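Note sheet for the following structure.
Please read all numbers here as calculations on a predicted model, not as lab measurements. By convention in this document, chain letters (A, B, ...) are assigned in the order of the sequence lines, proteins followed by strands, and residues within each chain are numbered from 1.
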Amino acid sequence: MEKTFQPANIETRWYEYWEQQGYFRPRGGEHAYSIMIPPPNVTGSLHMGHGFNNAIMDCLIRYHRMQGDNTLWQVGTDHAGIATQMVVERQLAVAGVSRHDLGREAFLEKIWAWKAESGGNITRQIRRLGSSVDWSRERFTMDESLSNAVREVFVRLYDEGLIYRGKRLVNWDPVFNTAISDLEVLNEEEQGSLWHLRYPIEGEDGQLVVATTRPETVLGDTAVAVHPEDERYRHLVGKQVRLPITGRLIPIVADDYVDREFGSGCVKITPAHDFNDYEVGKRHNLPLINVLDRNGCILGEFTVLTFTGYATAHGEKGPEQYAGQDRFDARKQIVAEFEQLGLLEKIEPHTLKVPRGDRSGAVIEPWLTDQWYVKVDELAKPAIDAVEDGRIQFVPKQYENMYFAWMRNLQDWCISRQLWWGHRIPAWYDSHGKVYVGRDEAEVRSRYKLDADTSLQQDDDVLDTWFSSALWTFSTLGWPEDTKDLQTFHPTSVLVTGFDIIFFWVARMIMMSMHFLKHPDGSPQVPFRTVYVHGLVRDSQGQKMSKSKGNVLDPIDLIDGIELEPLVQKRTAGMMQPQLGKKIAQQTRDEFPEGIAAYGTDALRFTFCSLASTGRDIKFDIGRIDGYRNFCNKIWNAARYVLMNCEGQDCGSDPALPVTLSLADRWIVSRLQQTAREVEHAINQYRFDLASQALYEFIWNEYCDWYLELSKPVLWDESASPELQRGTRRTLITVLEAWLRLLHPFMPFITEEIWQRAAPLAGVEGPTIMLQPYPRCDESAVDTAANADIEWLKSVILGVRNIRGEMNVPPGRSLALLCRHGGDSDRRRLRENTAFLTKLARLESIEWLLPEAEAPVAATALVGELELLVPMAGLIDKDSELARLGKEIEKLEKEQARLQGKLGNSSFVDRAPAEVVARERDKLAAQQQALEKLRRQEEHIRRL
RNA sequence: AGGACCAUAGCUCAGGUGGUUAGAGCGCUACCUUGACAUGGUAGAGGUCGCCAGUUCGAAUCUGGCUGGUCCUACCA
C-alpha cells in the first residue's frame, strides 16, 4: 500500500467494476426503497448543488441497499426547454444565424445534435461522484415513453376541463419571445423615475396630473382613474381627458384601487400592459389597446379589443414617429415630447420593483396573448391535504409553511411556451381557428369526426419544462401503463432537493401524482412520502456561487485538482466585461495561490455530508475538505497498520483456537455498537452532519488514537499469550471490517478498496462491500464496564501526559509513577492495565504509596480519589509546577463557589428534584476533596 | 406590507423533552520525525451562548420585546 492515500488510483476502477457487475440495479426483496434523481439539464454540467444533492442521495441509497432493501435510484436528464434552446441559439448567433433562418425542423436537429455531443458530460460527472444510480433505466424527459405520458396528462386534464386556452395578460419575455410563468419572473428593486404627466381635461381649462413609471404606455391608455372619495377629483369623474400625442379622448373613472396618497392621486390606466390596469379595465369595461409587438417595440398599428368580445378586435394606427421603436427609446422620446408640449410636470427619482425573466434578465412585459393554462385550484386541494395530514412530510418541517402559503394562493399555471425545444402541445386547429385536443392527429380526427378534407395545423407552442418534470416520479416508471415497476417503486421513498424548487417542482409533482395515480383502494398516490429539503451551496462568504461573481467551484476540480492558471482561465472565460475578469482573476489568485488540490471523491462527499445540517445556506469552505482529505489518509494508514499486523498472521479465524479479549478489545467492540446506533439514528433523521461526525470521532479519536495504540503493547509484547494476541488481531480486523461497512455510504471508494483486502482476514466473503449488510447495533456487545474502565485508563494517561506536557518533560524520558489513595477499583484497574499504562504514558515504574507514607516532592494529578504523583527530582521545576497547580486550583475554586452558592440557596434545595440536589452535593464533595489535596500539594511544594 | 429562518470560540458549525466544567473541525501557541500516518502525534490558549425583560429553585435551551442579518411571498401607479 502507498504511504498516503491516492484517490485517483482507485475511484474510476471501482465505479466501472460496480457498474459492469450490475450492482446498482434493484435486487428484489420485500421492502422497496426508491429515489428519483432530480433530473439535471441534459446539456448542463455539474455544479456544487448537484454534488451535494448526489452525495446525500447516494448515502441514503447505499445505506438502504446494504440493509437489503429492493433499492432503486432512478436516473435521467431533463430537456430544460429555455436553457437548452438558449445555448444553441447563442452558438448559431456566433455564425450570424437565427433559429428562424433555419426553420423549426432544422433548428431542432441542431439541438438534438448538441444533446448528442454534450449530453454525456453530465452523466460522466455523476459517475465521478460515485452515485450508484441504475444506468440501465436512464431516462430523458423527451424520450418517447415520457413524451407519451406528457400527452396523456395533457389530454386527460383538457377533457376534465382542467386545461384551457385563454387570452389574457401573461409575463412576456421580449428577448426569448415567449410567455413565462409567474415563478420565472424575478422582481427586484431598481432605481427609476416617477414621471408626472399632465393630461388636459376636455371641455375645461385644467389638467389632470398622472404619475407613472412607464411613460411609453401612455399610447395605450384608455382611462384615468381616481379614488371615488377623493374630494380633489370627485367632480371630474365621468368627464374626459384628451390623451397627449395620440389625441384620443379617454374617460375619468372612479376606482378604489387608487391610492390617494401616492403620486398625484390620479392613475393612468393601460389595460393591455399592466396587470392591475387590466383588472381596473375589466371593472369599467374599458377597451384594451395593445401598443407593443413581441420584441417590446412600439407597433405601427395598435390592436384594440374589448373585454366583452375579443373577436371584435380592430386595428388603429399609432403615431408614426414611434412605430418600430424599442420601448425604452420610445420612453425617452415620449417624455421629451411631453416636455415640449409643456405637459411634463416633474420627474421624481423612484425605486420600484422591476420584473425580469429569470433566464434572460430582460424586463418582462405584461402582454396580451393566447396561452394554455392549468386550472390549479382543484389539483391543489388534495396536495395540501396530503401534507396537512402527514402523508407527505417535509424535513425540516418548517418548509411545510412555505408550501402551504404558496399552495393556498395559487394562480393558474401558464404552461405554453413560444419555444421550439420541448413537448409540442397536442392541440390542432382547423382553418377557422377551432381547437381540437388529442393524443395525435389521427385520434383528433376520429374523436371529433373530422374528415380528411379538414386541414389541421398543430399548435406551434411547446409545454413548460416543469410540466414534464411534474410527472417524473411516474413517467420514468412506465406510466400510463400499470407496470410492475410502478407497483413496486411508487410512491417513492424520499425526494431530496433544495428549497429553491419547492414551487417549481415539488408542489407540481404532488399535484400531478395525486391526480393521476391511485392506490388499489382508489386513494390518491403521493409521489414521495418524505421531502428532504437541504440548503443551497454557497461560497465560504455565504455568497451565491455564480459565474459573474467568479466564485464558482466545480466539484470535479475538487476531486481531480486543478492548477492555478487553468482555474483562472476557467473562471474568466467568456466574460462580458474584461474589467470584471481582472477582478475575478485576482480574487482567485488570492484565494487559491496553489490552485486546488486533488481531494478525491470520498473527501468531497464526506464534506458535503458533514455540511448537511438544517440551515438554509451551506457555506463551502475549502478548509473543510482539506480536513476530510486528511481523514481519508488517516483511514488509509490505520488500515495499513492493521493489515501489516494481520496479513500472514493468526487473526483468530480458526474457531478451534482459544481467544482472549483484552479490555481494549471489549471496549472498541462496545463503542462500535454505539457508533452504529448513532449513525443509524442520524441517517433516519436525515442528519448527515451528525452521522458523519459520529463516524469521524469513532474512527479517528477512538479507533486510531486509542485502540490502535492500545493494541501495540499486546502485539509487541513477546511474552503476551497467543490467545491474547489472537484476540487483539481478531478485534483489529473485524472492527475495521465493520466500520468500513458503516462508512461505505459516505465514502464508497476508499472503503471498497480497503475492504477487499481486509474482509478475507476478518473471515468475510463477498464480491463487494456495497452488497454487504449494514452494521447494526448489537446491544449485547455494549459493555458499559469496559467503557468505564477505558475512560479511567484514559484519565490516568491524560493526567500523566498533562504533567509531562506542562512541565516540558522530554517525550523520550520515562517517568516513575507513584499512586496514593484510591479505592479498590483503582487498584484493580491499575493492576489489570499496567502494560497499557506503561506504554501509553511512557512509564518506567508504577508503585503504590501507603496513605500515610511520606511522599517525595512530586507533580500531582487527580483521577477521582486516586492521586497520581510524578516525582520532580531532576525533572520538574518548582515554579512551573506551582503555576500548573494554581491553574487547577483556580478552576476548582470557581466550580466550588458555584456549587456552594447553589446548595446554599434554600429554594433550590427545597424545590429541585431530590436526585438533582444529591448529584450536586456529590459533585461538591468530590471537588472539595480534590481541592484539599491540591492545596496541600501546593503548600508542600511552596515550602521547598 | 405579510411571513419564515438565523444570531454560541478568530472562522464554519453541533448543542431531542431547561440541571453539562457549553462541545467539534479549521486556525492559533509550545514541544515532538517514537517501528500506520508530519495529510501525523502530545499538551495548551480561546466563549458574560446578539441585547432587554419575564417564567422557573435553575435558561445557550421556554415566552415576549428589541437590534442585526438572510430569504420567501405580495398589485402600489
Per the 3.5 Å Watson-Crick/G-U criterion and a run length of at least three, the stems involving RNA chain B are B:1-7 with B:67-73, B:10-13 with B:23-26, B:28-32 with B:40-44, B:50-54 with B:62-66
From B:U12, B:G19, B:A43, pick the nucleotide closest to the side chain of A:Arg624?
B:U12
Using a cut-off of less than 4.0 Å, is there contact between a side-chain N or O of A:Lys902 and OP1 or OP2 of B:G19?
no
Hey, does A:Cys632 reach any base, or is it just sugar-phosphate, or nothing, if we go heavy atoms under 4.0 Å?
nothing
Any idea which of B:A36, B:C71, B:G15 is nearest the A:Phe499 side chain?
B:C71
Can A:Trp636 be classed as stacking with the base of B:A36, given a centroid separation cut-off of 5.5 Å and a plane angle cut-off of 30°?
no
Side chain of A:Arg911 only, please: which of B:C57, B:C37, B:G25 is the nearest?
B:C57
Return yes if some donor-acceptor pair links the side-chain N/O of A:Asp255 with the main-chain N/O of A:Ala225 below 3.5 Å, else return no.
no
Of the nucleotides B:A36, B:C57, B:A74, which one has an atom closest to the side chain of A:Phe908?
B:C57
Looking at every strand, decide which applies to A:Phe262 at a 4.0 Å heavy-atom threshold: base, sugar-phosphate, or nothing.
base
Would one find a side-chain N or O of A:Ser613 under 4.0 angstrom from OP1 or OP2 of B:A14?
yes
How far, in whole Å, is B:C37 from B:C28 if one measures between their P atoms?
24 Å
Heavy atoms under 4.0 Å, any strand shown: does A:Trp195 hit a base, just sugar-phosphate, or nothing?
nothing
A:Asn276 has a side chain; which of B:U39, B:C75, B:A36 sits nearest to it?
B:C75
By nearest nucleotide on RNA chain B, pick out whichever of A:Cys704 and A:Leu611 is the more 5' one.
A:Leu611
Quick one: are the ring centres of A:Phe620 and A:Phe52 less than 6.0 Å apart?
no
Students often get this wrong, so: under 4.0 angstrom with heavy atoms, is A:Leu643 touching a base, only sugar-phosphate, or nothing?
nothing
May I have the distance from A:Trp700 (atom CH2) to B:G41 (atom C1'), rounded to whole angstrom?
11 Å
Nearest-0.5 Å distance that lies between atom CD1 in A:Ile334 and atom OG1 in A:Thr212:
10.5 Å
Result of checking A:His273, A:Glu365, A:Lys268 against A:Thr217 for side chain to side chain donor-acceptor pair (under 3.5 Å):
A:Lys268
Taking atom P in both B:G68 and B:A24, what distance in whole Å separates the two?
34 Å
Looking at the side chain of A:Phe503, which of B:C72, B:A43, B:C57 is the nearest nucleotide?
B:C72
Proximal nucleotide (of B:A36, B:U12, B:A43) relative to the A:Lys712 side chain:
B:A36
Do the charged groups of A:Glu190 and A:Arg356 touch, with an N to O distance under 4.0 Å?
yes
Of the listed nucleotides (B:A14, B:A36, B:A77), which one gets closest to any side-chain atom of A:Leu352?
B:A77
Parallel, tilted or perpendicular: which describes the rings of A:Tyr703 and A:Phe698, with under 30° parallel and over 60° perpendicular?
tilted
Test your reading of the model: is there a side-chain donor-acceptor pair from A:Arg804 to the backbone of A:Ala841, 3.5 Å cut-off?
yes
Tell me whether the side-chain N or O atoms of A:Glu709 pair up with the base of B:A36 as donor and acceptor below 3.5 Å, since no angle test is needed here.
yes
Taking the P atom of each, how far is B:A53 from B:G69, in whole Å?
23 Å
With a 3.5 Å cut-off and just heavy-atom distances, do the side chain of A:Lys634 and the base of B:C37 make a donor-acceptor pair?
yes
Quote, to the nearest angstrom, the C1' distance that separates B:A59 from B:U17.
15 Å
Using a heavy-atom cut-off of 4.0 Å across all strands, would you classify A:Val258 as base, sugar-phosphate, or nothing?
base
Out of B:C57, B:A36, B:U73, minimum distance to the side chain of A:Ala638 belongs to B:A36
Applying a 4.0 Å non-hydrogen cut-off, can you work out what A:Arg898 is touching in the nucleic acid: base, sugar-phosphate, or nothing?
sugar-phosphate
Closest of B:A77, B:A14, B:A74 to the A:Arg687 side chain is B:A14
Identify whether the distance between the nearest side-chain nitrogen and carboxylate oxygen of A:Lys887 and A:Glu890 falls below 4.0 Å.
no
N/O donor-acceptor pair, side chain A:Arg629 with base B:U39, under 3.5 angstrom:
yes
Do the side chains of A:Glu680 and A:Arg677 get close enough for a salt bridge, i.e. N-O under 4.0 angstrom?
no
Given A:Tyr399, A:Phe404, A:Tyr403, the one that forms ring pair (Phe, Tyr, Trp, His ring centres under 6.0 Å) with A:Phe394:
A:Tyr403
Indicate whether OP1 or OP2 belonging to B:A38 is found under 4.0 Å from a side-chain N or O atom of A:Lys3.
yes
Using heavy-atom distances to pick each residue's nearest nucleotide on RNA chain B, tell me which of A:Thr4 and A:Arg214 is more 5'.
A:Thr4
Please classify the nucleic acid contact of A:Asp689 as base, sugar-phosphate, or nothing, using heavy-atom distances under 4.0 Å.
nothing
Charged N to carboxylate O below 4.0 Å: is that the case for A:Lys346 and A:Glu348?
yes
Below 3.5 Å between N/O atoms, which protein atoms pair up with nucleotides 3-6 of chain B? Just atom names and distances, please.
none

Rounding to 0.5 Å, atoms OH (A:Tyr599) and CD1 (A:Ile625) come to a distance of 6.5 Å
Do any side-chain nitrogens or oxygens of A:His350 fall under 4.0 Å of OP1 or OP2 in B:C76?
no
